[in-house]
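Read the structure below first, then the notes.
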Protein chains: 2
Amino acid sequence: MQSFTEENYLKIIYHLAENTNNVQTNAIAEQMQTKPASVTDMIKKLADKGFIDYVKYQGVTMTEKGRNAAIDIVRKHRLWEVFLVDKLNFKWDEVHDVAEELEHIKSTALIERLDEFLGFPKSDPHGDPIPDKNGRFAKTQFTKLIELKIGDSGTITGVSQHSSAFLKHLEKLGLTLGKQIQINDVTDFDGSVEIVISDKQINISREVAKHILISSNGKN
Amino acid sequence: MQSFTEENYLKIIYHLAENTNNVQTNAIAEQMQTKPASVTDMIKKLADKGFIDYVKYQGVTMTEKGRNAAIDIVRKHRLWEVFLVDKLNFKWDEVHDVAEELEHIKSTALIERLDEFLGFPKSDPHGDPIPDKNGRFAKTQFTKLIELKIGDSGTITGVSQHSSAFLKHLEKLGLTLGKQIQINDVTDFDGSVEIVISDKQINISREVAKHILISSNGKN
DNA sequence: TTAAATTTTTAGGTAAATCTAAAAAAAATA
DNA sequence: TATTTTTTTTAGATTTACCTAAAAATTTAA
Ligand SMILES: [Mn+2]
Ligand SMILES: [Mn+2]
Ligand SMILES: [Mn+2]
Ligand SMILES: [Mn+2]
């Protein structure tokens, strides 16, 4: 069994590995809010334990064992987030920090029964997929709102930024999961996007549009 | 905020202080499954932080601050136990170890909403009282079954031993919370007790009888 | 009330996870 | 290609929570 710290490293390396092949020391340090020297120490340890492959100066890649361990933590994180929102009436912007703690509770029985209690949810309050107990989950194929063209429409099915400030902002604009949107116009001046949502026309900044994930109507 | 280790020390000192005025170093070491020398280190630290009063060679006593901190942990532990039994269908002998981890999750909002979700329970699956959010709880006045005399009767309202082995044994004998019992006889030979429960007559060992808590009929 | 037993503390050390400062390697740029 | 910049690693410390062995204080018993 791994320490909390090891689990946090594994989860972060796993997420970084979704975008790059070789995960860099500095990238890990930034995510872990620690120093590169500390990361070097830890990745040696994780490599010794067989969670990652590590070649000096070349960054790290996850092994099968490491990926499984990381997915297990992600599963727990997302299930707890569903619990907090569905059962304890937390808002979607309030759950992340608590889930960061709850994800480290070690009990297979607990997480399986929680999964069942929640009705085996497929996605968390931010639209992210929840791996099943075998670590399997549908690889979601979303389009960023910013990439849509005028006239395109779709459903909000996820966000790629989990900060409380961002989520609260979306909430205020009515941009919540499941809502239908259509692109009306893209402003030349600042790249902001004019969309129609719930029969109202609103303008959202480029920065916001970058982090909203859309599934096109008709598919998915 | 305290570390997990500090919280565990506080909780154990709090429980030991229920039976003695000055809690001894060795008693803490035994409960913490650690060495007396380690305890000395930690109690100095807890004294520095104002959680306990400590005089060399005299043992420790809890301060108001320490008691409040400990009660808060006990509250969390017991609420999580209720959650596990009431919502996730754990048995009463399966919850303790998981609750030992969950009790350290730091979020006031979480525990208050959990309390509400559970319907503000007054006692946990083992009959122990749950402090409210201000740390107040009814001091339960139970009698040990072993202390009852022939002919006495009452209701099982608690246990003073939380090991899985003991609780499973009680379950098998049908000795669960809320059950009515009456003392039929006490065996001279081994001190075992013959009781009537659910219209059946069974014999329980002295050791078992010591750890079952009864509230007399009529009161409580 | 001295001697023996028990309890508690001190002294000195270890392992995990962090840090700073400086050296080494790799990548980018001129 | 040589130089500069960036990335990564090493070396050496620090902090927390432990440990063992030995000394000191307290309690119990003779
Ligand atoms: Mn999250
Ligand atoms: Mn999430
Ligand atoms: Mn318990
Ligand atoms: Mn309990």
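Treat the numbers as computed from the prediction; the structure is a model and nothing was measured. Just so it is clear: chains get the letters A, B, ... in the order the sequence lines come, proteins before strands, and each one is counted from 1.
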Q: Apply the test side-chain hydrogen bond (donor to acceptor under 3.5 Å, both in side chains) to residues A:Thr187 and A:Ser192: give CA-CA distance (whole Å), side-chain angles for both, the deciding distance (0.1 Å), then the verdict.
A: CA-CA 5 Å; A:Thr187 313; A:Ser192 67; 3.1 Å; yes
Q | For atom NZ of A:Lys35 and atom P of D:dT14, their distance in whole Å | A | 18 Å
**Q.** Chi angles and distances behind the side-chain hydrogen bond (donor to acceptor under 3.5 Å, both in side chains) call for A:Trp92, A:Glu81
**A.** CA-CA 8 Å; A:Trp92 71 341; A:Glu81 285 192 342; over 6 Å; no
Q) To the side chain of B:Thr25, which of C:dC19, C:dT9, D:dT9 is closest? A) C:dT9
Q. Using a cut-off of 4.0 Å between protein heavy atoms and nucleotide atoms, how would you tag nucleotides 24-29 of chain D 5' to 3' with B, S and -?
A. BSS---
Q. Taking only N and O in the side chain of A:Lys44, is any of them less than 4.0 Å away from OP1 or OP2 of D:dT10?
A. yes
Q: Round to a whole Å and report the spacing from CD of A:Glu6 to P of C:dA15.
A: 16 Å
Q | d(NZ, A:Lys49; P, C:dA15) in whole Å | A | 14 Å
Q | Pairing of A:Glu7 and A:Lys106 as salt bridge, 4.0 angstrom limit | A | yes
Q: Tell me what A:Phe4 touches on the nucleic acid: a base, only sugar-phosphate, or nothing, going by heavy atoms under 4.0 Å.
A: nothing
Q. When you measure from the side chain of A:Thr34, which nucleotide among C:dT10, D:dT8, C:dT18 comes out closest?
A. C:dT18
(Q) What contact category does B:Thr5 fall into here, base, sugar-phosphate, or nothing, at under 4.0 angstrom with non-hydrogen atoms? (A) sugar-phosphate
Distance-only donor-acceptor hits, side chain of residues 64-74 of chain A, under 3.5 Å, sequence neighbours excluded:
unit_1: A:Lys65; atom_1: NZ; unit_2: A:Lys49; atom_2: O; d: 2.8
unit_1: A:Asn68; atom_1: ND2; unit_2: A:Glu64; atom_2: O; d: 3.4

Q: Determine: side-chain N/O of A:Thr40 to OP1/OP2 of D:dT8, distance under 4.0 Å, yes or no.
A: no
Q) Has A:Asn26 got a side-chain N or O lying under 4.0 Å from the OP1 or OP2 atom of D:dT8? A) yes
Q) To the nearest angstrom, how far is A:Ile43 atom CD1 from C:dT18 atom C1'? A) 15 Å
Q: Please check if the side chain of B:Glu94 supplies one atom and the backbone of B:Lys91 the other of a donor-acceptor pair under 3.5 Å.
A: yes
(Q) Before you tell me yes or no, could you show the steps for B:Glu103 and B:His77 under side-chain hydrogen bond (donor to acceptor under 3.5 Å, both in side chains), namely the whole-Å CA-CA distance, both residues' side-chain angles and the distance that decides it to 0.1 Å? (A) CA-CA 5 Å; B:Glu103 72 188 5; B:His77 182 100; 2.8 Å; yes
(Q) Could you tell me how far apart A:Asp48 (CG) and C:dA16 (C1') are, to the nearest whole angstrom? (A) 14 Å
Q) B:Asp41 has an atom CG; how far is it from atom C1' of D:dT20, in whole Å? A) 13 Å
(Q) For A:Phe83 and B:Trp80, take the angle between the two ring planes, folded into 0 to 90°, and tell me which bin it lands in: parallel under 30, tilted 30 to 60, perpendicular over 60. (A) tilted
**Q.** Separation of C:dA16 C1' from A:Asn8 CG (nearest whole Å)
**A.** 15 Å
Q) What do the steps show when you test B:His162 against B:Asp93 for side-chain hydrogen bond (donor to acceptor under 3.5 Å, both in side chains), and what is the final call? A) CA-CA 7 Å; B:His162 293 185; B:Asp93 61 283; over 6 Å; no
Q. Side chain of A:Pro36: nearest nucleotide among C:dT10, D:dT8, C:dT20?
A. D:dT8
(Q) Quick check on D:dT16: is either OP1 or OP2 less than 4.0 Å from any side-chain nitrogen or oxygen of B:Tyr9? (A) no
Q: Grab the CE-P distance between B:Met42 and D:dC19 for me, whole Å please.
A: 11 Å
Q.
On DNA chain C, compare the nucleotides closest to B:Gln24 and A:Met32; which residue's is nearer the 5' end?
A. B:Gln24
